[in-house]
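Residue numbers begin at 1 in each chain, while the letters A, B, ... track the order of the sequences. As a basis for the values below, the full set of heavy atoms in this structure was taken, side chains included, without hydrogen atoms, waters or symmetry mates.
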Number of protein chains: 2
Amino acid sequence: MASKRVTLADVARLAGLSPTAASMILNGRPDTRLSQDAHDRVNAAAATLGYRPNVAARGLRTDKTRTIGFISDVVATTRFASGLIKGALDAAEAAGHVMLVMETGGEPARETEAIGAVLDRQVDGIVFATMRARELYVPDLPLGTNAVMLNATNPNHSTAVLPDELRGGRDAVELLVRAGHRDGIALIGQNDEVERDVFRSATVARRIAGIRSAMADHDLAFIAEQSIWLWEPEDGYLATKTLLDTRDDVRALLCMNDRVAFGAYQAIAERGLRVPDDISIVSFDNDELAAYLRPGLTTIALPHEAMGRRAVELLLHPTESGEILVPMPIVERHSISAPSA
Amino acid sequence: MASKRVTLADVARLAGLSPTAASMILNGRPDTRLSQDAHDRVNAAAATLGYRPNVAARGLRTDKTRTIGFISDVVATTRFASGLIKGALDAAEAAGHVMLVMETGGEPARETEAIGAVLDRQVDGIVFATMRARELYVPDLPLGTNAVMLNATNPNHSTAVLPDELRGGRDAVELLVRAGHRDGIALIGQNDEVERDVFRSATVARRIAGIRSAMADHDLAFIAEQSIWLWEPEDGYLATKTLLDTRDDVRALLCMNDRVAFGAYQAIAERGLRVPDDISIVSFDNDELAAYLRPGLTTIALPHEAMGRRAVELLLHPTESGEILVPMPIVERHSISAPSA
DNA sequence: TGACCTTGCTAAATGCATTTAGCAAATTTC
DNA sequence: GAAATTTGCTAAATGCATTTAGCAAGGTCA
């Protein structure tokens, strides 16, 4: 039959002391005047019995549960941003916390329910994450609940961990320029809606702002901008196909993400051209696809894991607030070469 | 200032009744003899105050927390199997439970720690998941803790949710046969280690067993078997390239997974051949890649979400035990056609 | 009218760890 | 040697919901 749980009282009894003493010793209370002998006896007793404090009972008293809530729209669900969870999980584990994961599909009702559910379990804080960085609706939280936004922003909760897209956008252009590209650069995935922000993402607008500012700094202009609404492989394929139908002076493609670049590869191959000899490509995200492509795709990575980690660290130790910008690593593979003469 | 939590006592006071009455009414106890009037007053009071039971306090008493533990090696982490989590999360939400997610990287020490952590939080049950279905080491659990294996097996915990790979393997062959393929079928990804099982996966051995049995039923034989160790795009590319170098009668490829098939597409395109006109391809997993490929890849899907859902349902309502085989859906896209004459 | 139910409700115990208040013995201080 | 500290430890309260045991008022049966 199920062996009963070992309680603090059991430990105290075995050590020949009161639960009070046992509690103080096991929690390492500093000012206590308990003897060394008492310490030894309690520690020994706890060890022999394999004592583990009941988190519920402790939480009832202290309001701390070493548990954090991770509420996201579709992060866990989708393969795109699962790095956010991984990073958060790592940081939580490192801090001796566990994570309650919830998905709301972005629906306000489920979101409210999710917040209630984690609050009922007295979480020490909540991370709100979104897949595509955007302004997130967050119902009022009881005062004193701390929260951090992950890949999201919200007017009521200023601490937000975001990728440094402005810098990332600049880096993508720099990569091309440094390889010698000046003419024949086209942009695939430009999108007014995105530039005007809001709908899709709070940060992708910055990506393109970075791109444009770096282009301007180098006195360059795109020879074409293929605007597409969705950024899936199919869209990238079509846009690139159209582009190649129209012009024959394309030497480099700046794709708004790796899935678009994936489609661009297909269109380029179909035309009998080669990456990077005929056309260089640089892109964003460092999706798993980027490594699978032949040749490997050079891309500016979305630092999902680092962001997830940072969010949890900030939740547990709020050392700074406001927008925390995490650098986007440059992942160089083989899709960029010097332009052919 | 932080508004105090509303407790059951508050509700009782407002309703002019004892906490006992309030508790019984809110929990819908059947045999109670409390008046309709009392019911109404308590419900009204709970509603006006926005009362939410403290899960820790309740758990202390009842040992039920409406929380389940999801312990995996690298499932959350990796994009491959995130569907397992999604399905589990859905089922948990549907049952009014929340999920504590932990990742152990497959390390026994972290695994033991994770089990301790979720047990400390009095979870109602634990789902143990692995990315690649395999026999999973699970430290002893206190008796009475229920557990189900997800995409994994374990001698001590018989309830295991697995994909029906045997059937899936057969279906892949059927797809080819039904399209008219009899000759010129090659297998990419055969691997003795896998067939002998254990190391890689408890279920992939069944996949290939299914393939072989269906081939035998139709009196067919592979014209070639390219054995590869890893099943990544690069490996599939190389294996297919080698195959095409050796023979020119290849009409159909049975790839052990979509990443291998992805590599096969690359090798086929490089040779100036076309899918499916020159070579049909069928594969396994229904990785996101499968939809991105041109033409779309027909594949036997790993039913991750359905599996995750099933595992949680079984954990909460153990209606059956042993191996629960979840069917692998056939996802038909455009990589199979009748063999050219 | 007295024994026995019902009905409608509540007091108090319980689960477990933490924490406040404080007691008794030993030691120090003047 | 009496008063004041210090040392070492504990009783009891607390947080919150659930649950067992049982009470008082009104009704029924004979």
Using a 3.5 Å distance criterion without hydrogens, assess whether the side chain of [X] forms a donor-acceptor pair with backbone atoms of [Y].
{"X": "Ser23(B)", "Y": "Thr20(B)", "value": "no"}
{"X": "Asn151(A)", "Y": "Thr130(A)", "value": "yes"}
{"X": "Thr104(B)", "Y": "Ser72(B)", "value": "yes"}

Item to check | Leu302(A) side, atom CG; Leu84(A) side, atom CG - distance, nearest 0.5 Å | outcome: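 Answer for the CG-CG pair, Leu302(A) versus Leu84(A), is 8.0 Å.
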Nucleotide [N], atom [atom2] - distance to [atom1] of [X] in whole Å:
{"X": "Arg121(A)", "N": "dC16(D)", "atom1": "CZ", "atom2": "C1'", "value": "15 Å"}
{"X": "Arg33(B)", "N": "dT20(D)", "atom1": "CZ", "atom2": "C1'", "value": "13 Å"}
{"X": "Lys64(B)", "N": "dT19(D)", "atom1": "NZ", "atom2": "P", "value": "11 Å"}
{"X": "Arg41(B)", "N": "dT10(C)", "atom1": "CZ", "atom2": "C1'", "value": "13 Å"}
{"X": "Leu34(A)", "N": "dT10(D)", "atom1": "CG", "atom2": "C1'", "value": "10 Å"}
{"X": "Leu60(A)", "N": "dT14(D)", "atom1": "CG", "atom2": "C1'", "value": "9 Å"}
{"X": "Tyr51(A)", "N": "dA17(C)", "atom1": "OH", "atom2": "C1'", "value": "6 Å"}
{"X": "Asn54(B)", "N": "dT14(D)", "atom1": "CG", "atom2": "C1'", "value": "13 Å"}

OP1 or OP2 of [N] under 4.0 Å from side-chain N/O of [X]:
{"X": "Arg61(A)", "N": "dT14(D)", "answer": "no"}
{"X": "Arg29(A)", "N": "dT19(C)", "answer": "yes"}
{"X": "Thr62(B)", "N": "dT19(D)", "answer": "no"}

Checklist entry - How would you label the contact of Arg58(A) with the nucleic acid (heavy atoms, under 4.0 Å): base, sugar-phosphate, or nothing? => result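 It contacts sugar-phosphate atoms only.
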Next on the checklist: What's Ala56(B) touching, base or sugar-phosphate or nothing? Going by heavy atoms closer than 4.0 Å.
Outcome noted: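 It contacts nothing in the nucleic acid.
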Next on the checklist: Using the side-chain heavy atoms of Ser35(B), tell me which of these nucleotides is nearest: dA17(C), dA17(D), dG8(C).
Outcome noted: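 Selected nucleotide (nearest to the side chain): dG8(C).
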Checklist entry - What parts of residues 13-28 of chain A reach DNA chain C, counting only heavy atoms under 4.0 Å away? => result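 Listed by number, they are Thr20(A), Ser23(A), Asn27(A).
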Next on the checklist: Just to verify, which of Arg52(B), Arg66(B), Arg58(B) counts as forming a salt bridge (charged side-chain N to carboxylate O under 4.0 Å, His left out) with Asp120(A)?
Outcome noted: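 In the set Arg52(B), Arg66(B), Arg58(B), the residue that makes a salt bridge (charged side-chain N to carboxylate O under 4.0 Å, His left out) with Asp120(A) is Arg52(B).
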Item to check | Basic-acidic side-chain contact under 4.0 Å: Arg110(B), Glu103(B) | outcome: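 Answer for the salt bridge query: no.
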Checklist entry - Val161(A) and side chain to side chain contact (heavy atoms under 4.5 Å, CB included): which partner among Arg310(A), Glu323(A), Glu313(A)? => result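 Per the side chain to side chain contact (heavy atoms under 4.5 Å, CB included) rule, the option paired with Val161(A) is Arg310(A), out of Arg310(A), Glu323(A), Glu313(A).
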